[in-house]
Amino acid sequence: MRKLIKLIAFIRFLLPGLPDTAGLRTGRGEAMETGGVLAAILSSAFGGTAVGATRYLARSLDPLTIGAIRFGGGFLVLAAVALLRRDKWPAKSDWPGAAALGLLFFGLFPALFNGALVYTTAARGALALSTLPVLTMLAGAVLGIEPPTTRKIVGVLVAMAGVAVALGSSLTTAPQGAWRGDLLMIAAAFCMALYNVWSRPFLTRCAPTSFAAFGMAVGTACLLALSTLTGGLTRLAALEASQWVASGYLAVICGALIFFLWAFALERAPPTLVAVSVAVNPVTASIFGAVFLGEQINANLIVGLIAVLAGIAIASGAAGRFAVGRRGGRRRLP
């Protein structure tokens, strides 16, 4: 029990936003960044379960139809919340840009993501998706939006290494042609990286709920049109009760909640700090499988989880703030 308490305390220190160190930067700005990073971690944690739900529905539905269910349901939930809260929607001048981002993230991304899982395993797909922080950092640097720092680079690499360790032997088994799925997942990660970098200016002018709902509406319209043309919607009638439950979970939790949290995070934290949290995704997927599917938890998963959290802490600066706090200093590390 003492070891468990120490482990929990250690993980808690790794996470940003601890009361005894939060004052080392500017109060409100740091609180907003901390809230953004925590929201991104929570979004990625729930995102780990989306892989399982998607693979479950892939037995009966095509990638386009699964995406239409996920984001169509997510749009209905987020739009209702935004209207009830009277949130500010994107201005007309922002409609073209917001629509393009919606098409990129809620149209092209799910098609690539769901298509990747047809060819490759969940473990290999998760590792390919964990390239998101690197791609986001590169996109931010090339576009001049977020310059890379040594701290962020080290944190991203540590988190990616944690993903590889956590997945362990799962990466050694792959179906024939798995490289196609790996490439599709990397392409999906690149779409998400561009969304991370380009969406932040829009989020300064409207609420994250309405911005996510607007983008989902555009993406869903395209996915529904393509699914109708390919006959995907006709397969809904053959779904079993358990598959409808999975569809509802995919829409409400993996559609509405996850992407509201992601937009909330992008409004408050730099894109790379948000993106590095995606390393939590495959780890929570493994934990979900152990809890609900009876899969085994091994030492690799524990070590990988600690490495992922350490990588997030390094990239966000929490590890440095904790070290300074322990020494009693008030100087912020570079």
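Below, each value reflects all heavy atoms present in this structure, side chains not excepted, and no hydrogens, waters or symmetry copies.
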### Task
Go through the structure and list residues passing salt bridge (charged side-chain N to carboxylate O under 4.0 Å, His left out) with Arg85, not counting sequence neighbours.
Asp87
### Summary
For Tyr56, the other hydrophobic cluster members (4.5 Å side-chain criterion, sorted by chain and number) are none
### Message
Test side chain to side chain contact (heavy atoms under 4.5 Å, CB included) on Cys254 and Phe46; report intermediate values, then the result.
### Response
CA-CA 7 Å; Cys254 302; Phe46 280 118; 5.9 Å; no
### Task
Mind jotting down which residue pairs meet the side-chain hydrogen bond (donor to acceptor under 3.5 Å, both in side chains) criterion with at least one end in residues 96-108? Sequence neighbours excluded, please.
none
Side-chain donor-acceptor pairs of residues 73-82 under 3.5 Å, sequence neighbours excluded:
none

### Query
Step by step, would you call Leu257 with Leu42 a side chain to side chain contact (heavy atoms under 4.5 Å, CB included)?
CA-CA 10 Å; Leu257 179 60; Leu42 185 58; over 6 Å; no
### Task
Indicate if Leu57 and Leu233 have the same hydrophobic cluster label, given that clusters are the connected sets of ILVMFWY residues with side-chain heavy-atom separations under 4.5 angstrom.
yes
### Chi angles and distances behind the side chain to side chain contact (heavy atoms under 4.5 Å, CB included) call for Leu239, Leu236
CA-CA 5 Å; Leu239 291 184; Leu236 293 177; 3.9 Å; yes
### Task
Report the distance from atom CD1 of Ile314 to atom OG1 of Thr150, rounding to the nearest 0.5 Å.
12.5 Å
### Message
Please find the pair of heavy atoms, one from Trp89 and one from Ala213, that lie closest to each other, and give the distance.
### Response
CH2-CB, 4.0 Å
### Any pair counted as side-chain hydrogen bond (donor to acceptor under 3.5 Å, both in side chains), so long as it reaches residues 177-187, sequence neighbours left out
Thr120-Asp182, Arg124-Asp182
### Message
Going by salt bridge (Lys or Arg N to Asp or Glu O under 4.0 Å), name the pairs with one or both residues in residues 104-118, residues two or more places apart or in two chains.
### Response
none
### Task
Look at the side-chain heavy atoms of Ile, Leu, Val, Met, Phe, Trp and Tyr, link any pair under 4.5 Å apart, and say whether Leu104 and Val278 land in one connected group.
yes
### Summary
So the salt bridge (Lys or Arg N to Asp or Glu O under 4.0 Å) pairs with at least one residue in residues 227-252 (sequence neighbours excluded) are Asp62-Arg235
### Query
Is it the case that more than 12 heavy atoms not belonging to Phe109 sit under 6.0 Å from its CZ atom?
yes
### Task
Any side-chain hydrogen bond (donor to acceptor under 3.5 Å, both in side chains) involving residues 212-233? Give me the pairs, sequence neighbours left out, ordered by first then second residue.
Thr65-Ser227
### Message
Just verifying a value: how many Å separate Ile186 CD1 and Leu132 CG, rounded to the nearest 0.5 Å?
### Response
11.5 Å
### Query
What's the spacing between Leu138 CG and Thr272 OG1 if we round to 0.5 Å?
9.0 Å
### Query
If Ile, Leu, Val, Met, Phe, Trp and Tyr residues are connected whenever their side-chain heavy atoms lie under 4.5 Å apart, and connections chain through other members, are Leu61 and Phe71 in the same group?
no
Show which side-chain atoms of residues 193-202 pair as donor or acceptor with protein atoms under 3.5 Å away, not counting sequence neighbours.
{"unit_1": "Asn196", "atom_1": "OD1", "unit_2": "Trp262", "atom_2": "NE1", "d": "2.8"}
{"unit_1": "Asn196", "atom_1": "ND2", "unit_2": "Thr136", "atom_2": "OG1", "d": "3.4"}
{"unit_1": "Asn196", "atom_1": "ND2", "unit_2": "Met192", "atom_2": "O", "d": "3.3"}
{"unit_1": "Ser199", "atom_1": "OG", "unit_2": "Tyr195", "atom_2": "O", "d": "2.7"}
{"unit_1": "Arg200", "atom_1": "NE", "unit_2": "Leu266", "atom_2": "O", "d": "3.2"}

### Message
Among residues at least two apart in sequence or on other chains, which ones pass side chain to side chain donor-acceptor pair (under 3.5 Å) with Arg205?
### Response
Asp94
### Expected output: side-chain Ser43 to main-chain Ala39 donor-acceptor under 3.5 Å
no
#### Entry: Hydrophobic cluster identity match, Ile153 and Val134, side-chain contacts under 4.5 Å
yes
### Task
Identify the heavy atoms of Pro63 and Ala111 that sit nearest to each other, and give their distance.
CB-O, 4.2 Å
### Query
CG/Leu108 to CG/Leu223 distance, rounded to the nearest 0.5 angstrom?
9.5 Å
#### Entry: Polar side-chain atom of Ser44 near backbone of Ser277 as donor-acceptor pair, under 3.5 Å
yes
### Task
Provide the closest heavy-atom pair for Leu203 versus Pro208 in the form atom of the first, atom of the second, distance.
CD2-CA, 3.8 Å
### Summary
Residue pairs meeting salt bridge (Lys or Arg N to Asp or Glu O under 4.0 Å), one or both in residues 68-83, sequence neighbours left out, come to none
### Task
Only pairs at least two apart or in different chains count here, so list each salt bridge (Lys or Arg N to Asp or Glu O under 4.0 Å) that has a residue in residues 218-231.
none
### Query
If you look at every heavy atom in Ala99 and Phe214, which pair is closest and at what distance?
N-CE2, 3.7 Å
### For the student: nearest non-hydrogen atoms of Phe211 and Cys206, plus distance
CB-SG, 3.7 Å
### Task
Kindly work out whether a path of hydrophobic side-chain contacts (I/L/V/M/F/W/Y, heavy atoms less than 4.5 Å apart) joins Leu112 to Ile66.
no
## Note on the structure
Value for OG1 (Thr209) from NZ (Lys88), rounded to nearest 0.5 Å, stands at 14.5 Å
#### Entry: Distance (rounded to the nearest 0.5 Å) between Phe106 CZ and Met216 CE
4.5 Å
